[in-house]
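Since the structure is predicted, the reported quantities are computational estimates derived from the model, not experimental observations. Note on naming: letters A, B, ... go to the chains in the order of the sequence lines (proteins, then strands), and numbering restarts at 1 for each one.
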Amino acid sequence: MLKNLSIIFILSSRNVLRNPRRSILTLLAISFGLAGTIVVSSLARGLSYNLAKDTIDHLTGHIQIHAENYLEDPDVSNSISEIPPKLEKVMKSPQILKKAERVRVPGIVMSERESYGVMIVGINPKEELGLSFIAESVNEGKFFDHDSDDGIIIGRKLLELLQTDIGKRVVVMSQDVKNEISDKGVRIIGVFDSQFESTEKSFVFLSIKKAQGLLGLDAKISEISLVTKDYENLEPTLSNLQSSAPNLDVRGWRDIEKFVSALLDIQGKFLIFWFCIVVIAISFGIVNTLFMAIYERIREFGMLQALGMKPIEIQFQVLIESLLLILIGGFIGNILSVIGIHLLESGIDISAFAEGAKRFGIKNVIYPRFVSHDWITANLLVLFLGSLSSFYPAWRASRFTPANAISRAT
Amino acid sequence: MLKLAWRNIWRNSRRTILTVLAIAFATSILQFFVSIQLKSYDAATKSAIALTLGQLQVQKKGYLEKPQIRATIEDPLSLESKIKSLDRVEHTSIRSIGFALISSEKRSYGLQVIGIMPEKEKLVSSVSGLIKKGEYLDSTSTNDCVIGEILAKNLKVDIGDEVTILGQGKDGSLAASVATIRGIFDSGTKDFDRVTMFIPYKTFQDVFSMQNSAHSIVVMGMRLKDLEQIQSKIEELLKNETNLVSLRWDQLMPGLKQSIELDMSAGWIFYLTLVLIVTFSIVNTFLMSVLERSREFGIMLAIGARTPRIMGMVVIESILLTLVGIFLGVLIGSGVITYFSIHGFTVPGAEEIAKLWNLPIRIYPELTIRVILTAPLMILTTTFIGVMYPVLKILWLKPLEAMRAT
């Protein structure tokens, strides 16, 4: 059988070319289908990439370290009093690009007119630069220079809600280590903007030393936020950190931002499901074309069998024919998808849904993002399901009885 | 002609069956997705309305953007009774809302304190049914409060414990009181459970020096459909009170409606891709069948059939074929939806998302007219447009050449 393979191959490729119009139509169906799925999925991935990036930029970072119960109960009593020397060492490893220590406790901000519940975050300005959004988001007034600067930085929306202004004083109130309410008047030195109103409304920033002073924390901190080399592959770094600080709670961003993480997971599942559906739809087209091609050639198949070609070889011939269509169609589809993604590179504006997008934490413009494993999945599915679906026509083609087939009129 | 078209379809029965199957497949899949999608939106809307929004609220202008304690409705009781007497309005309730620091022995949190009239509130809000521990407020409660489960955990308090309320009254005076935890609710919406405390309306008015004023009148109509009508009637009532506004649930929480729209349009992109691919394969089939039959069409032309007649026949063929596919698809899709409407449908790993939308984890899709019609209409439209290409091809047929074609 093997020696005939080259002949079969030649037969198949000629068959593809025999009815160029039909072949072209099928190729179009395959390539557009494939390109469509890849482009649409790249948009979906772009959306989630943005979401993940914004989440990380926000204040999360890639990895966070807290005292044991802090995430459950973000109270001053659940602070990290001392960083174990072992952890210190791991945090200096090349895997970790940035590190920021913070104080982070719930509290209240009061102006003369209004008061709101907020999260008070004490930061070291130098560490936050390039790690979280805050260093680059102070658009009015100024950002802290040192970790012991006076003053408070609040969000644009909160400024509005408190009916106060830059340069004016507000009172910050929170519970200190002795379970007593401690308050302090501070001057607003800066206002930050965020794409999310909720952030502007619910976070205020002090310098870390001043926050520690307010809460009586001394040198204790609430959290350490880390940025690593690769946010998608945290496991090795994470387990390294965990083993070096057994008494602390070390978590990756997916574990902290469970909602975002779940959204990404669901999206991944949905896309695979989606690929399958589209490819099944494409397969219907392939099978249809093949049947048409076969039924035109019943006589020919009869003749081939009469001349001594084995049924299995006829099957092969049909299969290779469809495989050729799939491969060429897939090739064109990939080129089309590259073009499509390229065309969309400047992004799609969805600002019409701005409020809704905010709820998901999505920006107003979606950029496509090419994800290699989606691309591989889509291609493999087309190849696999496409070939699988050709088995039936191929089998059918090998089942014509030569005598009947030859004697057919057309 | 219908007969002729019908026969033509079945001339190549295998091809027809495959095409019909492709259409049916796409139809049923789309139908299923649409049903799940619509049901989730419906559930999200309903639960948001039931939890706190109500179908409509009357507030002071600007209160929604800046919820200040001084932005009040004066003499809310008389306005409420006027609204209550309107046609199609079923329930109403009055709320006063303030911001306060709540302290237990161990912890303090700043949060939203809502003064409610328990008997009325029960009829407009689902919170009374979400009590997990203890009980809801009733008309006899004075120094009691109901708080969210997460808040209870954060404050480290339980039923019977006391908390102090410390805030600012309407007149700027200090608002201070002690309340006993009477009930703990779990709404499923974390943000709500973390920052919400209910106390009796009377108590709130005293503590926050509200006198005869409140922040919101919540209105529930008999049916959500009548909401616009109710709103216009209330607007009429408010004609003389230019500083009050009536806001529908979607105006109270614009994010909810927009996120539904965003999700919907994202869904449409996926549906459209599928529909286009299926259309492509249908059009492909038709193009081939037209090309295959050019000989036949040539003969028809030669014996005097007019081109429009042939075109009409092909169009009818395509519509018939699509209709058969759609019919089958609707049957399958409806069957699947009916099955899940009884047994429920879950997406593994969706719990976090369900929580944000305050959705039940198990969704029971519903078979509504909209669900049944959306997918078929989409496919019918696109096929009809797509089929125009092969049909127009017929225009270029010349009898002689066509007859010679093989």
Side-chain angles (χ1 to χ4, degrees), chain A residues 21-22 25-26 28-29 32-33 36-37 40 43-44 47 72-75 106-108 110 113-118 160-161 163 173-175 179 181 258-259 261-263 265-266 269-270 274 277-278 280-282 284-285 287-289 291-292 295 350 352-360 362, chain B residues 12 14-15 18-19 21-22 25-26 29 66-69 99-101 103 105-112 153-154 156 166-168 195 254-263 265-266 269-270 273-274 276-278 280-281 283-285 287-288 291-292 347-353 355-356:
Chain A
R21 182 153 35 195
R22 183 170 57 210
L25 279 172
T26 315
L28 278 180
F32 270 113
T37 37
V40 169
L43 281 177
L47 200 95
E72 286 277 303
D73 179 18
D75 187 75
I108 290 176
M110 295 192 294
R113 292 155 176 273
E114 297 289 332
S115 50
Y116 286 92
V118 291
E160 203 181 287
L161 289 173
Q163 301 177 55
M173 235 163 79
S174 185
Q175 190 179 354
N179 266 344
I181 302 297
K258 290 209 175 81
F259 171 69
S261 177
L263 210 61
D265 287 345
I266 295 247
K269 281 181 201 158
F270 175 76
W274 168 248
I277 289 171
V278 170
I280 290 174
I282 298 175
F284 274 109
V287 173
N288 235 343
T289 324
F291 267 120
M292 254 176 261
Y295 272 79
I350 54 157
F353 309 105
E355 286 281 328
K358 261 186 210 160
R359 197 177 156 105
F360 287 110
I362 294 167
Chain B
N12 189 334
R14 192 187 313 266
R15 178 166 70 201
L18 277 169
T19 315
L21 281 180
F25 171 74
I29 291 269
K66 278 188 203 168
Q68 297 169 340
I69 192 151
F99 182 83
L101 184 75
S103 309
E105 251 174 63
K106 297 190 176 114
R107 297 279 188 272
S108 299
Y109 285 94
L111 48 90
Q112 179 178 249
K153 210 167 118 195
N154 287 346
K156 299 193 184 290
L166 195 69
Q168 209 169 26
V195 296
L256 177 62
K257 193 159 191 194
Q258 284 197 5
S259 53
I260 287 176
E261 279 162 9
L262 175 75
D263 194 71
S265 50
I269 295 178
F270 285 104
T273 321
L274 180 63
L276 285 182
I277 288 164
V278 171
F280 215 92
S281 108
V283 172
N284 206 342
T285 317
L287 191 55
M288 279 181 228
L291 296 175
E292 213 176 67
V347 184
E351 292 83 5
E352 287 291 324
I353 293 165
K355 263 185 221 158
L356 179 91

**Q.** Engaged part of B/L101 at the chain A interface, taking heavy atoms whose separation is under 4.5 Å
**A.** both
Q.
Counting only non-hydrogen atoms closer than 4.5 Å, does B/A26 touch chain A with its backbone (N, CA, C, O), its side chain (CB onward), both, or neither?
A. neither
Q | Heavy-atom contact with chain A under 4.5 Å, split by part of B/F25 | A | side chain
Q: Could you look at A/M110 and say if it's the side chain, the backbone, both or neither that has a heavy atom under 4.5 Å from chain B?
A: neither
Q | Segment of A/Q163 engaging chain B (4.5 angstrom heavy-atom cut-off) | A | side chain
Q | Interchain contact, A/F270 with chain B, by part (heavy-atom threshold 4.5 Å) | A | side chain
Q: Among A/T37, A/T26, A/V40, single out the residue with the greatest number of heavy-atom pairs under 4.5 Å to chain B.
A: A/V40
Q | Contact leader toward chain A among B/K66, B/Q68, B/R107, B/K106, where contacts are heavy-atom pairs under 4.5 Å | A | B/R107
Q: Flag the one option from A/G107, A/S115, A/A44 with the top tally of heavy-atom pairs under 4.5 Å to chain B.
A: A/S115
Q | Max heavy-atom pair count under 4.5 Å with chain B, selected residue of A/I280, A/T289, A/I282, A/L43 | A | A/I280
Q.
On a heavy-atom basis, which atom in B/I277 and which in A/G33 lie closest, and how many Å separate them?
A. CD1-CA, 3.6 Å
Q | Which atoms of B/L21 approach chain A - backbone, side chain, both or neither, heavy atom under 4.5 Å | A | both
Q) Among A/I277, A/V287, A/V278, who wins on heavy-atom pairs under 4.5 Å with chain B? A) A/I277
(Q) Could you report the tightest heavy-atom contact between A/S174 and A/P106, atom names first, then the distance? (A) OG-O, 2.9 Å
Q: Identify the heavy atoms of A/P74 and B/Y109 that sit nearest to each other, and give their distance.
A: CD-OH, 4.2 Å
Q) Non-hydrogen atoms of chain B under 4.5 Å away: do they reach the side chain of A/I181, the backbone, both or neither? A) side chain
(Q) Can you tell me how far apart OH (A/Y116) and CG (B/L111) are? Round to the nearest 0.5 Å. (A) 14.0 Å
Q. By side-chain hydrogen bond (donor to acceptor under 3.5 Å, both in side chains), which residues pair with B/Q168, not counting sequence neighbours?
A. none
Q.
Looking at chain A, which one of B/T19, B/N154, B/V278 has the largest number of heavy-atom pairs inside 4.5 Å, strictly under?
A. B/T19
Q) Contact part of B/Q112 toward chain A, heavy-atom cut-off under 4.5 Å: side chain, backbone, both or neither? A) neither
(Q) So for A/I108, is it side chain, backbone, both, or neither that comes closer than 4.5 Å to the heavy atoms of chain B? (A) side chain
Q) Under the side-chain hydrogen bond (donor to acceptor under 3.5 Å, both in side chains) test, which residues partner B/S103, sequence neighbours left out? A) B/S108
(Q) I'd like to check A/L161 versus A/E114 (side-chain heavy atoms, cut-off strictly below 4.5 Å). Are they in contact? (A) no
**Q.** Step-by-step side-chain contact (heavy atoms from CB on, under 4.5 Å) determination, A/F32 to B/L276
**A.** CA-CA 9 Å; A/F32 270 113; B/L276 285 182; over 6 Å; no
